[in-house]
Amino acid sequence: MSDIAAVKRQLKIKYGVVQRLSKETGLYRKEAEGLETKRAKLVLDGAEEWDIKNAGKMIEESGKMVLDTTSRLKKASDELEALIASAKKDFNLDQDEDLLKAEEVLQSAKA
């Protein structure tokens, strides 16, 4: 019984991680796009070189964060997928509420 409870707890934790990382990745992508637009506006307005360079550094940093969160999301998704498969196979939790929620979160993260 405690094994099933432990698996359910791990499902909740892992799908929470996937949800959070999916949201973070989206936010960093949106931030990078906004910074690109801001830099383009600075160039068009003839802003100082320092401002344009600084905007470029901010874009670079956002790009690094997108790569980081994307790789962490991939890893967390793979772990969740493995846990879902294990829960279905070993504990017969096919219709469990937590498992169904985990599958839903995994599908939305992959979209």
Side-chain angles (χ1 to χ4, degrees):
M1 181 67 181
S2 66
D3 287 343
I4 291 175
V7 168
K8 285 182 163 189
R9 185 168 186 266
Q10 284 299 309
L11 279 170
K12 285 182 181 179
I13 291 169
K14 292 200 184 289
Y15 80 65
V17 169
V18 169
Q19 259 182 332
R20 179 180 50 81
L21 288 172
S22 180
K23 184 178 178 181
E24 279 184 23
T25 302
L27 290 173
Y28 281 124
R29 284 189 176 141
K30 187 183 278 187
E31 179 182 307
E33 291 172 7
L35 291 171
E36 286 281 352
T37 303
K38 183 179 177 182
R39 183 174 69 174
K41 186 175 184 280
L42 288 172
V43 170
L44 287 175
D45 292 344
E48 291 186 27
E49 187 177 329
W50 182 88
D51 290 329
I52 295 170
K53 275 186 176 179
N54 192 40
K57 288 178 184 179
M58 290 171 57
I59 291 168
E60 184 180 318
E61 187 66 32
S62 287
K64 288 178 184 177
M65 291 306 298
V66 168
L67 290 175
D68 178 55
T69 55
T70 301
S71 67
R72 290 188 299 150
L73 176 60
K74 170 84 171 98
K75 181 181 176 192
S77 295
D78 291 345
E79 290 175 3
L80 179 59
E81 199 167 12
L83 184 60
I84 289 171
S86 172
K88 283 182 175 181
K89 181 181 173 195
D90 299 337
F91 298 102
N92 201 22
L93 295 175
D94 291 339
Q95 297 303 316
D96 184 72
E97 180 181 318
D98 293 328
L99 186 111
L100 295 175
K101 176 71 175 171
E103 287 178 329
E104 179 184 316
V105 167
L106 188 61
Q107 290 302 318
S108 68
K110 287 187 175 184

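Computed from a predicted model, the values in this text were never measured in an experiment.
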- Item | Apart from Trp50 itself, residues in the same hydrophobic cluster as defined by side-chain heavy atoms under 4.5 Å |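 Besides Trp50, the cluster holds no residue at all.
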
- Task: Please collect all salt bridge (charged side-chain N to carboxylate O under 4.0 Å, His left out) contacts where either partner lies in residues 43-61, sequence neighbours excluded, each pair once.
- Result: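 The answer is Lys41-Asp45, Glu49-Lys53, Glu60-Lys64.
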
Scan the side chains in residues 92-102 for donor-acceptor partners under 3.5 Å anywhere in the protein, sequence neighbours excluded, and list what turns up.
| residue | atom | partner | partner atom | Å |
| --- | --- | --- | --- | --- |
| Asp96 | OD1 | Lys8 | NZ | 3.0 |
| Asp96 | OD2 | Asp98 | N | 3.0 |
| Asp96 | OD2 | Leu99 | N | 3.4 |

- Only counting residues at least two apart or in another chain, list the ones meeting salt bridge (Lys or Arg N to Asp or Glu O under 4.0 Å) with Lys88.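 With neighbours one apart ignored, the set is Glu103.
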
- So do the side chains of Asp3 and Phe91 get within less than 4.5 Å of each other, counting heavy atoms only?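 With C-beta onward as the side chain, the pair touches.
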
- Message: Checking Arg9 now: which residues fulfil side-chain hydrogen bond (donor to acceptor under 3.5 Å, both in side chains) with it, not counting sequence neighbours?
- Response: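 Once residues adjacent in sequence are excluded, Arg9 has no partner under the side-chain hydrogen bond (donor to acceptor under 3.5 Å, both in side chains) criterion.
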
- Tell me, with the steps shown, if Thr70 and Arg29 meet side-chain contact (heavy atoms from CB on, under 4.5 Å). CA-CA 10 Å; Thr70 301; Arg29 284 189 176 141; 3.6 Å; yes

- What is the distance from atom OH of Tyr15 to atom CD1 of Ile84, rounded to the nearest 0.5 Å?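 Between Tyr15 OH and Ile84 CD1, I get 11.0 Å after rounding to 0.5 Å.
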
- Got a second to check how far Leu11's CG is from Ser86's OG, nearest 0.5 Å?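 Atom-to-atom, Leu11:CG and Ser86:OG are 9.0 Å apart.
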
- Query: Is any NZ, NE, NH1 or NH2 atom of the basic residue among Glu36 and Arg39 found under 4.0 Å from an Asp or Glu carboxylate oxygen of the other?
  - Reply: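 Salt bridge flag = yes for Arg39 with Glu36.
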
- Message: Less than 4.0 angstrom from a charged side-chain N to a carboxylate O is my criterion; do Arg20 and Glu24 meet it?
- Response: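 Looking at Arg20 and Glu24, the cut-off is met.
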
Check the hydrophobic clustering (I, L, V, M, F, W, Y; side-chain heavy atoms under 4.5 Å; chains of links allowed) and say if [X] and [Y] are grouped together.
X     : Y     : value
Leu21 : Val66 : no
Ile59 : Leu42 : no
Tyr28 : Leu35 : no

- Item | Considering all heavy atoms, the nearest Ala109-Ser22 contact |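 Residues Ala109 and Ser22, closest heavy atoms: CA-OG, 4.0 Å.
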
Please tabulate, for the side chains in residues 75-82, all donor-acceptor contacts under 3.5 angstrom to protein atoms that are two or more places apart in sequence or on a different chain.
| residue | atom | partner | partner atom | Å |
| --- | --- | --- | --- | --- |
| Ser77 | OG | Leu73 | O | 2.9 |
| Asp78 | OD1 | Lys74 | NZ | 3.1 |
| Asp78 | OD2 | Lys74 | NZ | 3.0 |
| Glu79 | OE1 | Lys14 | NZ | 3.4 |
| Glu81 | OE1 | Lys110 | NZ | 3.1 |
| Glu81 | OE2 | Lys110 | NZ | 3.2 |

